[in-house]
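In each ligand, atom 1 is the first atom listed, and ligand 1 is the first ligand listed. Here the structure is a predicted model, which is why all the values come from computation and not from measurement. The first residue of the sequence shown is numbered 1, and numbering continues consecutively from there.
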Amino acid sequence: MNHDLFADEVPCWEETLCPGALVLRGQALPQVESLLAAVETVVAAAPWRHLITPGGYRMSVAMSNCGLYGWVSDETGYRYDAQDPLSGRRWPAMPEVFRQLAREAAERAGFKGFEPDACLINRYEVGARLSLHQDKDERDYGAPIVSVSLGLPAVFLFGGLRRSDPQQRVALAHGDVVVWGGPARLRYHGVLALKAGTHPLLGAQRINLTFRKAR
Ligand code: MD3
Ligand code: FE
């Protein structure tokens, strides 16, 4: 763990969880207000919805997307789609503040020139969880995924390359940014059920942004 204080970077604590997984504690804090305003703009056009898994279950996490592609799930499977199935229209454009934050975080982790074409926005209300999974619907595993946590803290489960590998638990708090790439890119991960609480800006919820290169 080291404390970085370069003139052109947001000061924050860097923690390496494992090779390829870098936590930037508080990296998003200076942009939180613009990020939340941008989330509101996106969900005004592409409202929160609970997707159905191919197995027929309703996800407890509500989702929306912005950018060229959005991650969707239904009875037929998971995919990235250029259209929002609710409206039949393209997803809202990726806000500039999203793009900037993702690019800067990726660069700090050694992925220069990260240009995400998809941002999945997850909303957790109390009790919502994300079971253990891999993110493997993207074309190029050479590109990292950048995640931004806002609102109530969550316990993140970080496993290995096999579902049965042991998992570490990592607390992710408001403003934390994580870059997952290289050897961490295909690790299993999930989020434990969100505990009750009240965040001063977001109330009883957690919002997570994940930036991806889908195509
Ligand atoms: C590790 N979201 O949207 S972000 C997801 O907090 C997802 O909403 C969680 O997992 C959330 O797919 C976790 C952290 C994350 C995202 C992608 C990863 C961790 C990852 C990809 C590979 C390894
Ligand atoms: Fe994931």
Below 4.0 Å from any atom of ligand 1, is there a heavy atom belonging to Val191? yes

Atom 21 (C) of ligand 1: the protein heavy-atom neighbour that sits closest, reported with distance to 0.1 Å: His189 CE1, 3.4 Å

Among all protein non-hydrogen atoms, which one is nearest to atom 17 (C) of ligand 1, and what is the separation to 0.1 Å? Asp135 OD2, 3.4 Å

Return the orientation label for the His174 and His199 ring planes: parallel under 30°, perpendicular over 60°, tilted otherwise. tilted

Please list, in number order, the atoms of ligand 1 under 4.0 Å from a heavy atom of Arg187. 23 (C)

For atom 19 (C) of ligand 1, which of Tyr188, Phe211, Trp180 has the closest heavy atom? Trp180

Would Asp137 and Arg212 pass as an ion pair if we require N to O under 4.0 Å? no

Please check whether Asn208 reaches ligand 1 - meaning an N/O of the residue sits under 3.5 Å from an N/O of the ligand, judged on distance alone. yes

Any chance the side chains of Tyr80 and Glu138 put a donor and an acceptor closer than 3.5 Å? yes

Identify, by name, the N, O or S atom of Asp135 lying closest to the Fe ion (ligand 2). OD1

Going by the 4.0 angstrom heavy-atom rule, the piece of Leu120 near ligand 1 is side chain

Give a yes or no on this: more than 12 heavy atoms of other residues, nucleotides or ligands lie within 6.0 Å of atom OH of Tyr57. no

Would you kindly specify which portion of Lys136 sits under 4.0 Å from ligand 1, judged on non-hydrogen atoms: side chain, backbone, both or neither? neither

For atom 8 (O) of ligand 1, tell me which residue out of Trp71, Phe158, Tyr124 has the closest non-hydrogen atom. Tyr124

I need the contact type for Leu186 against ligand 1. Using non-hydrogen atoms and a strict under-4.0 Å cut-off, is it side chain, backbone, both or neither? neither

Which residue and non-hydrogen atom of the protein lie closest to atom 13 (C) of ligand 1, and at what distance in Å? Phe156 CE1, 3.5 Å

Numbering the atoms of ligand 1 from 1, which are under 4.0 Å from a heavy atom of Ile145? 17 (C), 21 (C)

Within reach of ligand 1, part of Ser149 (heavy-atom separation under 4.0 Å): neither

Taking N or O atoms only and a 3.5 Å limit, does Ser147 qualify as a polar contact for ligand 1? no

So if I apply the side-chain contact (heavy atoms from CB on, under 4.5 Å) rule between Phe211 and each of Leu120, Val148, Val179, which one comes out positive? Val148

Report yes or no: does Arg212 have a heavy atom closer than 4.0 Å to ligand 1? yes

Do Lys213 and Asp117 meet the salt-bridge criterion of a basic N to acidic O distance under 4.0 Å? yes

For the ring pair Phe158 and Trp180, is the centre-to-centre distance below 6.0 Å? yes

Give the residue and atom name of whichever protein heavy atom lies nearest to atom 22 (C) of ligand 1, and the separation in Å to one decimal. Arg185 O, 3.0 Å

Note: ligand 1 atoms sitting under 4.0 Å from heavy atoms of Ala184 are 22 (C), 23 (C)

Does Gln134 have a heavy atom less than 4.0 Å from any atom of ligand 1? no

Looking at non-hydrogen atoms alone, which of Val61, Leu194, Asn122 comes nearest to atom 3 (O) of ligand 1? Asn122

Heavy atom of the protein closest to atom 7 (C) of ligand 1 (residue, atom name, distance): Leu130 CD2, 3.5 Å

Mark up the atoms of ligand 1 that fall under 4.0 Å of a heavy atom belonging to Arg206, in ascending order. 6 (O), 8 (O), 11 (C)

